[in-house]
Amino acid sequence: MSSLRDQNHKSSLPLTLSMCTALVGSALSSLAFADEVTQKPPKQDETALSVGIGTFSVESIYVDGEDQNNIFPLISARYKRFYFQGFELGADLYHDEKLRVKFGIGGDLAGDRDRGDSDKLSDMEELDLAILANLSMNYKSPVGLWKVGISQDISDTHDGYSLSAGYSLPYKHQKWIIKPNFTISWQSDSALDYYYGVDLNEVTQDRAAYEADADIITRLGVQVGYNISPNLILMGGVYQTWYGDEISNSPIVDTDSSRRASLMVSYKF
């Protein structure tokens with residue numbers, strides 16, 4: 001099996017940054033949710049700034065991996081068609097009341113680079129942060145919100161790519177909004193092997209060599225928001241993620257599903 005984790009490309013990053021990267025998927029989802037709840041007419045949305053703070057709990061799927069429980073600040077900004085949200089910087093290619101097509105550059109959220117801080121896996125090669133180019137389209141239909149996207153590693157970290165599709169159905173009542181959502185993503189073999197494979201030089205008595213193929217990850221969740229004021233919102237969410245056999249069969253993975261929860265407060269200027 002050829003190694004996709006050449007030591008010449010590796011560099012250590014601070015643990016705090018690593019944790020934030022592992023949880024930024026929650027941040028992106030919740031910040032987008034906040035924008036929906038406090039949404040203003042398009043003419044007033046050319047310039048926007050939201051700041052907040054969130055707490056996140058993510059269950060690790062790695063062998064002896066520890067759950068991640070963290071608090072960190074969140075920033076979302078927009079100037080005309082350009083945006084910065086979570087860990088992604090990009091621009092709208094097209095945007096009207098129903099359709100949004102955007103392109104951005106951000107961190108890879110598919111895998112945990114710390115492998116759950118597992119002591120049993122601490123001897124394995126360190127993983128770098130992959131930078132992705134993301135192209136996505138959101139469509140607001142009478143029966144819900146639809147999203148499709150494609151992502152490609154542009155940092156030469158794992159050279160993988162993914163395809164995703166999602167659906168959500170927001171329900172608004174006075175100051176409350178409830179948003180169940182479903183996402184399915186197909187991850188390429190090189191991306192999954194980077195996070196869940198075992199190279200020959202990492203084999204031990206209890207850890208066999210393993211090369212992951214492409215597979216599917218699915219996520220079901222529900223978010224709840226409450227508008228404390230027109231610009232201030234409290235948000236919470238719970239999510240369940242299921243991983244395909246190419247991931248769950250890896251000798252460094254302990255389960256085929258994981259849970260995630262978040263609680264955030266955000267103020268939109």
Side-chain angles (χ1 to χ4, degrees), residues 21-39 45 50 52 54-59 61 68 74 76 78 83 85-88 90 92 95-104 106-112 132 134-151 162-187 215-227 233-244 247 256-266 268:
T21 304
L23 301 175
V24 75
S26 300
L28 284 169
S29 177
S30 299
L31 285 171
F33 184 48
D35 289 342
E36 290 174 8
V37 176
T38 59
Q39 189 171 13
D45 271 342
S50 298
T55 177
F56 302 90
S57 178
V58 182
E59 184 180 30
I61 67 171
Q68 301 280 330
L74 301 168
S76 175
R78 168 178 293 277
Y83 67 87
Q85 192 172 70
F87 203 69
E88 182 173 295
D92 290 338
H95 194 188
D96 61 22
E97 293 182 355
K98 292 185 177 181
L99 182 65
R100 181 185 184 188
V101 181
K102 62 179 181 175
F103 175 80
D108 187 0
L109 313 178
D112 176 8
L132 303 182
N134 303 306
L135 178 65
S136 64
M137 180 181 71
N138 296 359
Y139 177 67
K140 183 183 295 185
S141 76
V143 293
L145 303 174
W146 303 84
K147 179 178 180 179
V148 294
I150 181 170
S151 299
S162 66
L163 305 173
S164 63
Y167 173 75
S168 62
L169 184 62
Y171 171 75
K172 296 181 181 180
H173 179 69
Q174 297 179 355
K175 295 184 177 183
W176 292 90
I177 181 170
I178 300 174
K179 182 182 175 183
N181 54 80
F182 173 79
T183 304
I184 183 169
S185 65
W186 180 90
Q187 305 283 332
D215 213 335
I216 290 175
I217 300 173
T218 57
R219 176 175 294 153
L220 182 65
V222 61
Q223 294 170 287
V224 178
Y226 179 76
N227 274 313
I233 180 173
L234 180 67
M235 302 162 286
V238 290
Y239 317 84
Q240 184 75 25
T241 302
W242 293 270
Y243 302 88
I247 299 174
D256 62 358
S257 65
S258 66
R259 294 181 298 273
R260 190 180 75 194
S262 64
L263 183 63
M264 302 171 51
V265 62
S266 177
K268 186 171 184 178

- Message: Can you tell me how far apart CG (Leu99) and NZ (Lys140) are? Round to the nearest 0.5 Å.
- Response: 11.5 Å
- Item | Listed partners of Asp92 passing salt bridge (charged side-chain N to carboxylate O under 4.0 Å, His left out), at least two apart | Arg78, Arg100
- Should Asn134 and Glu88 be marked as a side chain to side chain donor-acceptor pair (under 3.5 Å) after you check the CA-CA gap, both sets of side-chain angles, and the distance that decides it? CA-CA 9 Å; Asn134 303 306; Glu88 182 173 295; 3.0 Å; yes
- Answer yes or no on whether Lys102 is positioned over the face of Tyr83, meaning its NZ or CZ is under 6.0 Å from the six-membered ring centre and within 45° of the axis. yes
- Least distance between heavy atoms, Ser168 atom then Asn181 atom: CB-CB, 3.6 Å
- Query: Do you know the tightest heavy-atom contact between Gly54 and Leu74?
  - Reply: N-CD1, 4.2 Å
- Task: Quick one: pull up CD in Gln85 and OG in Ser50 and give me the separation to the nearest 0.5 Å.
- Result: 8.5 Å
- Message: Measuring only between side-chain heavy atoms, which start at C-beta, is Tyr239 closer than 4.5 Å to Val222?
- Response: no
- Query: What distance do Asp108 atom CG and Phe87 atom CZ have between them, rounded to the nearest 0.5 Å?
  - Reply: 11.0 Å
- Query: How many angstroms lie between NZ in Lys147 and CZ in Phe182, if you round to the nearest 0.5 Å?
  - Reply: 14.5 Å
- Task: Kindly indicate, with the supporting measurements, whether the criterion side-chain contact (heavy atoms from CB on, under 4.5 Å) is fulfilled by Ile217 and Trp186.
- Result: CA-CA 6 Å; Ile217 300 173; Trp186 180 90; over 6 Å; no
- Side-chain heavy atoms of Arg260 within contact of Val238, under 4.5 Å: no
- Query: Side chains of Gln223 and Ile178: closer than 4.5 Å at any heavy-atom pair?
  - Reply: no
- Query: Step by step, would you call Trp146 with Met137 a side-chain contact (heavy atoms from CB on, under 4.5 Å)?
  - Reply: CA-CA 8 Å; Trp146 303 84; Met137 180 181 71; over 6 Å; no
- Side chains of Leu234 and Leu263: closer than 4.5 Å at any heavy-atom pair? yes
- Side-chain heavy-atom pair Ser258, Tyr243 within 4.5 angstrom cut-off: yes
- Do Lys98 and Ser141 come within less than 4.5 Å of each other through their side chains, counting heavy atoms only? no
- What is the minimum heavy-atom distance between Ser257 and Glu59, and which atoms define it? O-OE1, 4.4 Å
- Just wondering, do Tyr226 and Met235 contact through their side chains at under 4.5 Å, heavy atoms? no
- Would you check if there is a donor-acceptor pair between the side chains of Thr241 and Arg219 at a distance under 3.5 Å? yes
- Query: From Ile247 CD1 over to Asp215 CG, what is the distance, rounded to the nearest 0.5 angstrom?
  - Reply: 6.0 Å
- Taken to the nearest 0.5 Å, the spacing of Asn138 CG from Leu145 CG works out to 7.5 Å
- 4.5 Å side-chain heavy-atom contact, Ile216 and Thr218: yes
- Take Tyr167 and Thr183 through the side chain to side chain donor-acceptor pair (under 3.5 Å) test and state the conclusion after the steps. CA-CA 7 Å; Tyr167 173 75; Thr183 304; over 6 Å; no
- Note on the structure: Looking only at heavy atoms, the pair that brings Gly225 and Ile233 closest together is CA-CD1, 4.3 Å
- Query: Can you name the nearest heavy-atom pair linking Ile177 to Pro170, along with the distance?
  - Reply: CD1-CB, 3.9 Å
